[in-house]
Every structure is written in C-alpha cells, then in structure tokens.
Protein chains: 2
Amino acid sequence: MASQKVPQATAERLPLYYRTLQRLVAIGKTRISSSEFGSIVQIDSTTIRKDFSYFGALGRKGYGYDTQRLMEFLKKILYQDELSKVILIGAGHLGTALLNHNFQKNNNTKIVRAYDVDPSKVGKEISGTEVHPMNELVTDDNSDITAAILTVPSAHAQEAAEMAIASGIHGFLNFSPTRLVLPADVYVRHVDMTVELQALIYFLNHSMEERKSE
Amino acid sequence: MASQKVPQATAERLPLYYRTLQRLVAIGKTRISSSEFGSIVQIDSTTIRKDFSYFGALGRKGYGYDTQRLMEFLKKILYQDELSKVILIGAGHLGTALLNHNFQKNNNTKIVRAYDVDPSKVGKEISGTEVHPMNELVTDDNSDITAAILTVPSAHAQEAAEMAIASGIHGFLNFSPTRLVLPADVYVRHVDMTVELQALIYFLNHSMEERKSE
DNA sequence: TCATTTTTGTTAAATGTTTCACAATCTTCA
DNA sequence: TGAAGATTGTGAAACATTTAACAAAAATGA
Ligand SMILES: NC(=O)c1ccc[n+]([C@@H]2O[C@H](COP(=O)([O-])OP(=O)(O)OC[C@H]3O[C@@H](n4cnc5c(N)ncnc54)[C@H](O)[C@@H]3O)[C@@H](O)[C@H]2O)c1
Ligand SMILES: NC(=O)c1ccc[n+]([C@@H]2O[C@H](COP(=O)([O-])OP(=O)(O)OC[C@H]3O[C@@H](n4cnc5c(N)ncnc54)[C@H](O)[C@@H]3O)[C@@H](O)[C@H]2O)c1
C-alpha cells in the first residue's frame, strides 16, 4: 500500500472523511462531489481531491465519488475493518467519561481494560469495562493491544507510560499536559484541552483587536 | 501589539510554552536557553527562538531567557492576566469531567455556568458550578462570557451553538464530532477525540508496515 | 581586561501544505 | 448517438512552516 508518501496533514483528515461518509451512507446518499463533500466537512474541494488522489483514482470524472465505495476504502486504510483494542490508564473523571463513551459508535475500537492505582476504583466495572490494579499492567500480556489512553494526573503520566511500554504498548493518546520522554519507536498523540482553551481565548481576543482597528 | 503577523502555528504553541514556564518558575529555575527549553517541550530550538522573535527580543545573547519575564510576557499575550469566563453546554459524562477539572490550576479560566436540557441535571451543582436549564441560555446576558464549551450529543450541537450565539457568544470549544455551520465572525476549535484515536491507530499501523519493509 | 564560549535573532534555504488552473474524460439527456 | 455539462486528477504556483547557517552580542572565567 502506497502509504509512505501520504502527507501527515492528509492522514489526519481521513478519520473525519470516514465518519462523514458513514453518515452519508446511513442517510442513503450514494454519490457526492468533492465540492459538496467539502462544504460538509468545511475543507476546500481541491484539498479533498488531492487527499484522495494519494490513494489512486477513487472517483469518476463527471460523476463524483461513490460514498459506499469510498467509505469502505477508508475503512481499510484506517484499519477500521478489524477491532482495535486499547487500554485506559487512570479511571478518574476524564477516564470514566471516556469509558462510558467507549468510542463504540460506528468505530471499531474498544477499551478492553482500565487500570488505576486507587483501591477504591480497582475491581469496579465502568460501563462494562473492568478496572484492574496498576501493578498488573506490567505483568499482563498486552501484545494484542494497539494503544493506551492516558488519563492519569500529569505528575504520573511518565511512569504510567513507561509501565505500559514495558507491557508491550507502542502508542499513546495522552490527555495529560505532560510531554512524555519516550523511546523513538513509541508514538504519542496529545489531546491537550487546556492548550485548546487558551488558544481559543488567544484567537478570539486577537481577532477582536484586529476588527477594532480596521 | 504586533499580533497580525504571528503565524497560526506559533500562536498554537504559546499555551504550551506558557505552562512549561510556569512549571520552571515554580521549581526555581530563573534562566533557560532555547535548546534546553526545546528539549523539554520537544520542539526544535530554532523554532522556539523564531516563535519568540515575533514578539521582539525577549532573550539575551549568550544568556538565554529569563523564565519569570518570559512567563509574564506570555501571560499577557494569552490574556491570562485577566479571568476568562466561559460557559459549558451539556453536563453529561464529558461535561461533568470538565466541570470537575474546571481548568483552574495555573489557568485563569473559569466555567461559570453550565446548561442542560435534562431536568434531572438542572439545578444541580457540579464542583461548585450550577447547571441551568437550556431555555435560560438565550435570555441570559452572556456579554462577559468569552466562549462556550460544547459537550452535547452531536445531533444537538448545531442548535446549542446557535442558541449560544443568540446570547452573545462568539467562540466555541466543540467536543462533539459535528462540524458546525456558523457565521464568519464566530470562531470554533474542535477537540475530536475519535479522530485523534483513529489517527493514532492509522500512524501506528502504517509506521509498523514501513518498519517491516525496511 | 580580554579571549573564549554561549546563545540569541535573523536571513535564507528546505520542506510541507493548500490553492489555482485546466486538460482529460465521464455523465447526462435530447 | 453526440453535444453540453459536470467533475475528477494533477502539474504548477502560492503560501506556510520548519530548519540551517551564522553574524552579532553578551556572558564567563582566566
Ligand atoms: N478532567 C478533565 O476534564 C481534564 C481536562 C483537561 C486535562 N485533563 C487531564 O487529564 C488527566 C486526568 O484528569 P482527571 O480529571 O480525570 O483526573 P482525576 O484525578 O479525576 O483522575 C486521575 C486518575 O488516575 C489515577 N492515578 C493516579 N496515579 C496513577 C498512576 N500512577 N497509575 C494509574 N492511575 C493513576 C487516580 O487514582 C485517578 O483515578 C490529568 O492529567 C488532567 O490534567 C483532564
Ligand atoms: N464522553 C466522552 O468521552 C466523549 C468522547 C469523544 C467525544 N465525545 C463527544 O462529546 C459530546 C458529549 O459526550 P458525553 O459522553 O458527555 O454525552 P452525554 O450524553 O453523557 O452528555 C450529553 C449531555 O448533553 C445534554 N443535552 C442533550 N441535548 C442538549 C441540548 N440540546 N442542549 C443542552 N444540553 C443537551 C444531555 O442532557 C446530557 O447531559 C458528544 O458529542 C460526544 O460525541 C464524548
């Protein structure tokens, strides 16, 4: 699969495309043009055509794209045709919200276990997912686990990540503000809500100032 | 303030710089070089110097940066020297986690009110924040509110955003997967955890394939 | 005091991303 | 069947971001 030359920016848009196509298929739309699709996802139609072109000719000139076919193609590309199992570390406020949500809706990903140090949380079941004691993490066989969701306090994020790596995990979705220092073959994505909120406030205030001085 | 020419990419890194400096100041570190700072935040030192240079000469040659001074500068730039009030719409699983967290730690932002349609949630207080009925949103005076955090089910995100706009709100942090269609003077940032998780799975699988074929 | 070392700020080059422009080609419908 | 219309796929241009290179200036220590 010609995956090496897919730009990062393109790859990061694919999940949005996939989800949007799922919705379009669900409401019975069988074809769509890049410009109509673009207005739905709010991305320029040229960008969308370029993105799809990295995977070959997926559309038909004069017609557009077959939603079902495109959706199924993206499903494969995104490995959504097989179940991805993930674990969650830190069953606190945010962790519990994620366990309740569990990404199941049209999304072939499942949080199969949670871990926590707090004895009052260990043994509980949150929305069908068991909370295990943290010390079991290192001994558990996590070779079939794709990634770990990190929702521990930031002071413990580094050690928790290291324990997960010891058990065979190579990917993290880190919700804590800590920038983890990890081996090069480990891939981390950050979801940093405080950064997002501050960036929002920055852009709001600065665009207001611009408007005032116009 | 020369804000118009600050690149978007730079602006989005400022909150991370700010938080990191807060921590450095807290542990008593008074000076830092761009390369040491870079290794902490995992960003190339040249990028960091370039970022700061958009705001003038903040460092000293042969010395580095004064952490306190730099932190206070960023505090102003990010409007963290004044309290930003935000509201939260949708006090469900995720909304409750955010209310409990409330961004208070070293962060001059406060969720002052929450709104929900569910009568069983209205009237409650979550971590000191009252949940108001949704129909009050339009009549409430929200002129001192900077932004709204949207944590409603995706089918209701558009209508909830429109009600918030009617009450005077111009900025949103949208946690629902819906791409909102809103007036041009409204600014929206997306925090899309499903997209992040799928992107993580994509990059993990594709980089594994690359390694195999090397 | 002064030579050496450190480190910034910045210009220029390299790289990555988006947008433009349009030929190629398929669809549609008379 | 063929003309008119729609829409893709893609080179090239424009734009944005990162990285390299290094002169200038300050700090440091003998
Ligand atoms: N809650 C939010 O809305 C929110 C918003 C922004 C950022 N965050 C970040 O997300 C992370 C989690 O936030 P939260 O509000 O859920 O915190 P929390 O305190 O409610 O939950 C943390 C959980 O991690 C567990 N834990 C602590 N140390 C651990 C360890 N070493 N190994 C395993 N488990 C451990 C605790 O027992 C607790 O259950 C934090 O880093 C926080 O900064 C949360
Ligand atoms: N929980 C998660 O971890 C998670 C993860 C990824 C994405 N999300 C997204 O975040 C959003 C919220 O998720 P959640 O798990 O908290 O859902 P939830 O169902 O637990 O909470 C939604 C809340 O919104 C309220 N609500 C419904 N319609 C409303 C309206 N019109 N106006 C005001 N309030 C309304 C409900 O009463 C409920 O309290 C969803 O869009 C979901 O897709 C959540």
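In what follows, chains are A, B, ... by sequence order, proteins preceding strands, each numbered from 1.
- Atom CZ in A:Phe37 sits about 12 Å away from atom P in D:dT8, given to the nearest Å.
- Closest to the B:Thr46 side chain, of the nucleotides D:dA27, D:dT8, D:dA21, is D:dA21.
- Nucleotides of DNA chain D nearest to B:Tyr63 and B:Lys50 differ in position, and the one nearer the 5' end is that of B:Lys50.
- B:Asp66 has its CG atom 12 Å from the P atom of D:dA27, to the nearest Å.
- The local environment of NE2 in B:His132 is crowded, with over 12 non-hydrogen atoms from other residues, nucleotides or ligands closer than 6.0 Å.
- Rounded to whole angstrom, the span from the CG atom of A:Leu58 across to the C1' atom of D:dG9 amounts to 11 Å.
- Judged by the 6.0 Å distance and 45° axis criteria, B:Arg189 is not positioned over the aromatic ring of A:Phe203.
- Following rounding to the nearest Å, A:Phe52 (CZ) and C:dT18 (P) show an atom-to-atom distance of 14 Å.
- Among the heavy atoms of the strands lying under 4.0 Å from B:Ser34 are primed sugar atoms or P, OP1, OP2 only; no base atom is included.
- Look at NZ on B:Lys61: it is 11 Å from C1' on D:dC22, rounded to the nearest Å.
- For the pair A:Arg69 CZ and D:dT8 P, the computed distance is 13 Å after rounding to whole Å.
- Of the candidate nucleotides C:dT8, D:dT10, D:dT19, D:dT19 has the atom nearest to the side chain of B:Thr47.
- Side-chain contact annotation: B:Asp140 with B:Ser167, donor-acceptor N/O pair under 3.5 Å absent.
- Distance CZ (A:Arg31) to C1' (D:dT7): 9 Å, rounded to an integer number of Å.
- For A:Tyr65, whose side chain is taken as the heavy atoms from C-beta onward, the closest listed nucleotide among C:dT19, D:dG9, C:dT10 is D:dG9.
- Which of D:dA26, D:dT17, D:dT19 sits closest to the side chain of B:Arg60 comes down to D:dA26.
- Nearest nucleotide to the side chain of B:Ala57, out of D:dT17, D:dT10, C:dG9: C:dG9.
- The nearest whole Å value for the distance from the CG atom in B:Asp44 to the C1' atom in D:dT17 is 12 Å.
- Residue A:Tyr65 forms a ring pair (Phe, Tyr, Trp, His ring centres under 6.0 Å) with just one option from A:Phe52, A:Phe73, A:Phe37, and that option is A:Phe52.
- Which of C:dT8, D:dT8, C:dT17 sits closest to the side chain of A:Gln8 comes down to C:dT17.
- Outside the 6.0 Å centre-distance limit, the rings of B:His190 and B:Phe175 are not counted as a close aromatic pair.
- Along DNA chain C, the nucleotide nearest A:Thr10 and the nucleotide nearest B:Arg49 are compared for position; the residue whose nucleotide lies closer to the 5' end is B:Arg49.
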